[in-house]
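Heads up: the structure comes next, in structure tokens.
To find a chain, count down the sequence lines: A is the first, B the second, and so on, and within it residues start at 1.
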2 protein chains.
Amino acid sequence: MSQDDAGIDLETSLGYLLKEAASALRAAMEDVLRPLGMTITHYSCLELLAQRPGSSNSDLARGAFVTRQSMNVLLQTLERDGFVTRPSEAPVGKVLPTKLTPRGRRSLEQATAAVRSVEVRMLSGLSDADHAAALRILRSMVSSLRADPAADADAGSAVADRGGGLASGV
Amino acid sequence: MSQDDAGIDLETSLGYLLKEAASALRAAMEDVLRPLGMTITHYSCLELLAQRPGSSNSDLARGAFVTRQSMNVLLQTLERDGFVTRPSEAPVGKVLPTKLTPRGRRSLEQATAAVRSVEVRMLSGLSDADHAAALRILRSMVSSLRADPAADADAGSAVADRGGGLASGV
DNA sequence: CAACCTATGTCAGACTATTGACATGAGTCA
DNA sequence: TGACTCATGTCAATAGTCTGACATAGGTTG
């Protein structure tokens, strides 16, 4: 009774710890990407394009966990600076398939190395079993969080933008 | 060779998955806090104050994983709207100890219930052992990420703001 | 076929958070 | 005591993201 309705114990809350870990990861990535003149979303966009050439703006937004509006302004900058190319006319529908330029690919190589070092450091204290458990547990959390929250309440229309990650493309 | 320098496999990257989980958690929390007219940082601030009355602006910033500048403007709003109080003069040093008002406490109660429902949903697919493992693994990741990144390179001065969480206060 | 619904790309405005900078108080150490 | 270092609170400017809105393409359904 005393603990249950007195708030959320931040010391043992998995939600708080998840936010803390994500914050630490973000800070570490920003530290290594800043010298390259790159933000995290910037890097995410390039990495996504390397693995999925021809992705649409909306695809990239979902994969980088930002709105398609944010990704759109980023893509305009990246195109202006010669890191990506987009056709001026949509070959089909409204989708403008985006591709990396050689310059974008070179830029990504450095960033990937930097980000990999961060990920290696993050995993340095974990066994292989821990790593596997973390993947399984986090996937379960993502799946549960995305499950219909409106089992009894409303909040139905709020999952419009920024929904997916890149899992749905398999 | 083909996988090692071809990028980071987003499907199995723990870093990407961590970001995905944090994004899903953030979206879920925003969905339940929006009807209460509250942002996540807003809620975090209140929750921290409930557990640590008299915290300083900088303490709250670390606990909510934002800069003390961001927390400062938020505190000004919260004080103006009557959710918290701060003395006009620092009793000692420059620290202005902040406290919840009754109104702030009432507001927090609703938010806590909403956030707790999100956390319950997030944990719904996990066993107790999974929960314990997640806590241990995430703490290890946080600790490793905060460890000195400059074992061979520079990047030393970048960990100034937004460093801590609330772990250091024990 | 026509109406509907969903998804996409894009523009504009507002907001939140960040970086940078400054002055001040406290603790440390020679 | 005086110099140094560190942390805090705060102001200003910038950057990144979000919400809101609109037109359009494609698929679905009556």
Side-chain angles (χ1 to χ4, degrees), chain A residues 19 22-23 26-27 29-31 33-35 37-45 54-79 84 86-98 156-164 168-169, chain B residues 19 22-23 26-27 29-31 33-34 37-45 54-79 84 86-98 157-164 168-169:
Chain A
K19 188 175 173 182
S23 170
R26 177 167 57 94
M29 286 184 65
E30 282 172 350
D31 287 345
L33 288 177
R34 184 167 312 124
M38 221 181 277
T39 67
I40 294 182
T41 306
H42 185 139
Y43 156 74
S44 300
C45 176
S55 289
S56 71
N57 173 39
S58 293
D59 282 338
L60 295 169
R62 276 187 292 267
F65 309 109
V66 295
T67 61
R68 64 188 195 278
Q69 292 91 330
S70 298
M71 183 55 72
N72 194 36
V73 305
L74 172 60
L75 276 184
Q76 288 172 357
T77 305
L78 291 180
E79 188 174 18
V84 306
R86 283 198 293 180
S88 53
E89 297 258 327
V92 53
K94 300 188 68 176
V95 173
L96 299 175
T98 310
S157 70
V159 209
D161 276 327
R162 205 183 48 202
S168 53
Chain B
K19 188 174 174 183
S23 170
R26 179 166 57 95
M29 287 184 65
E30 281 172 350
D31 287 345
L33 289 176
R34 194 189 325 270
M38 220 180 279
T39 67
I40 294 182
T41 306
H42 185 140
Y43 156 75
S44 301
C45 177
S55 288
S56 71
N57 173 38
S58 292
D59 281 339
L60 295 170
R62 276 187 292 268
F65 310 110
V66 297
T67 62
R68 63 187 195 279
Q69 292 92 327
S70 299
M71 183 55 72
N72 193 35
V73 306
L74 173 60
L75 277 183
Q76 288 172 357
T77 305
L78 292 180
E79 188 174 17
V84 306
R86 281 197 295 180
S88 53
E89 295 258 329
V92 54
K94 301 187 67 176
V95 173
L96 298 176
T98 311
S157 70
V159 209
D161 276 325
R162 203 184 52 201
S168 53

task: To the nearest 0.5 angstrom, please state how far the CZ atom of A/R68 sits from the CG atom of A/D59.
output: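 Reported value, rounded in 0.5 Å steps: 12.0 Å.
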field: From A/L78 atom CG to A/H42 atom NE2, the distance as rounded to the nearest 0.5 Å
entry: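 So the CG of A/L78 and the NE2 of A/H42 are separated by 4.5 Å.
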If only side-chain N and O atoms of [X] are considered, is one of them under 4.0 Å from the OP1 or OP2 phosphate oxygen of [N]?
| X | N | result |
| --- | --- | --- |
| B/R68 | C/dA17 | no |
| A/Q76 | C/dC11 | yes |
| A/R62 | C/dA7 | no |
| A/T67 | D/dC18 | yes |

Between atom [atom1] in [X] and atom [atom2] in [N], what is the gap in whole Å?
| X | N | atom1 | atom2 | answer |
| --- | --- | --- | --- | --- |
| A/H42 | D/dA15 | NE2 | P | 15 Å |
| A/D31 | C/dT18 | CG | P | 13 Å |
| A/E30 | C/dT19 | CD | C1' | 11 Å |
| B/L96 | D/dT10 | CG | P | 5 Å |
| A/N72 | C/dC11 | CG | P | 7 Å |
| A/M71 | D/dG16 | CE | P | 13 Å |
| A/E89 | D/dT24 | CD | P | 14 Å |
| B/L60 | C/dA17 | CG | P | 14 Å |

- prompt: Does A/Q69 make a side-chain donor-acceptor contact with the base of D/dG20, cut-off 3.5 Å?
  reply: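 Pair found.
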Of all heavy-atom pairs between [X] and [Y], which one has the smallest distance, and what is that distance?
| X | Y | value |
| --- | --- | --- |
| B/L96 | B/P87 | CD2-O, 3.5 Å |
| B/A64 | B/S44 | CB-CB, 4.0 Å |
| B/I40 | A/K19 | CG2-NZ, 3.4 Å |
| B/R26 | A/F65 | NH2-O, 4.1 Å |
| B/C45 | B/L74 | CB-CD2, 4.1 Å |

field: Degree of bending, the helix from C/dC1-D/dG30 to C/dA30-D/dT1 (end axes from five pairs; round to 10°)
entry: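 Here the helix ends are tilted 40° relative to one another.
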Among [options], the one nearest [X] by side-chain distance:
| X | options | value |
| --- | --- | --- |
| B/V95 | D/dC18, D/dG9, C/dT8 | D/dG9 |
| A/S56 | C/dG25, C/dG9, D/dC18 | C/dG9 |
| A/N57 | D/dC18, D/dG9, C/dT10 | C/dT10 |

- prompt: Of A/V92 and A/S70, whose nearest nucleotide on DNA chain D comes first from the 5' end?
  reply: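 Taking each residue's closest nucleotide, the earlier one in sequence belongs to A/S70.
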- prompt: Is there a side-chain contact between A/Q76 and A/R86, using heavy atoms and a 4.5 Å cut-off?
  reply: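 Yes, at least one pair of side-chain atoms sits under 4.5 Å.
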query: Using a cut-off of 4.0 Å on non-hydrogen atoms, how would the nucleic acid contact of A/S58 be classed: base, sugar-phosphate, or nothing?
result: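 Here A/S58 touches the backbone only, sparing every base.
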message: Regarding B/T39, tell me which of base, sugar-phosphate or nothing describes its non-hydrogen contacts under 4.0 Å with the strands shown.
response: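 Touches nothing.
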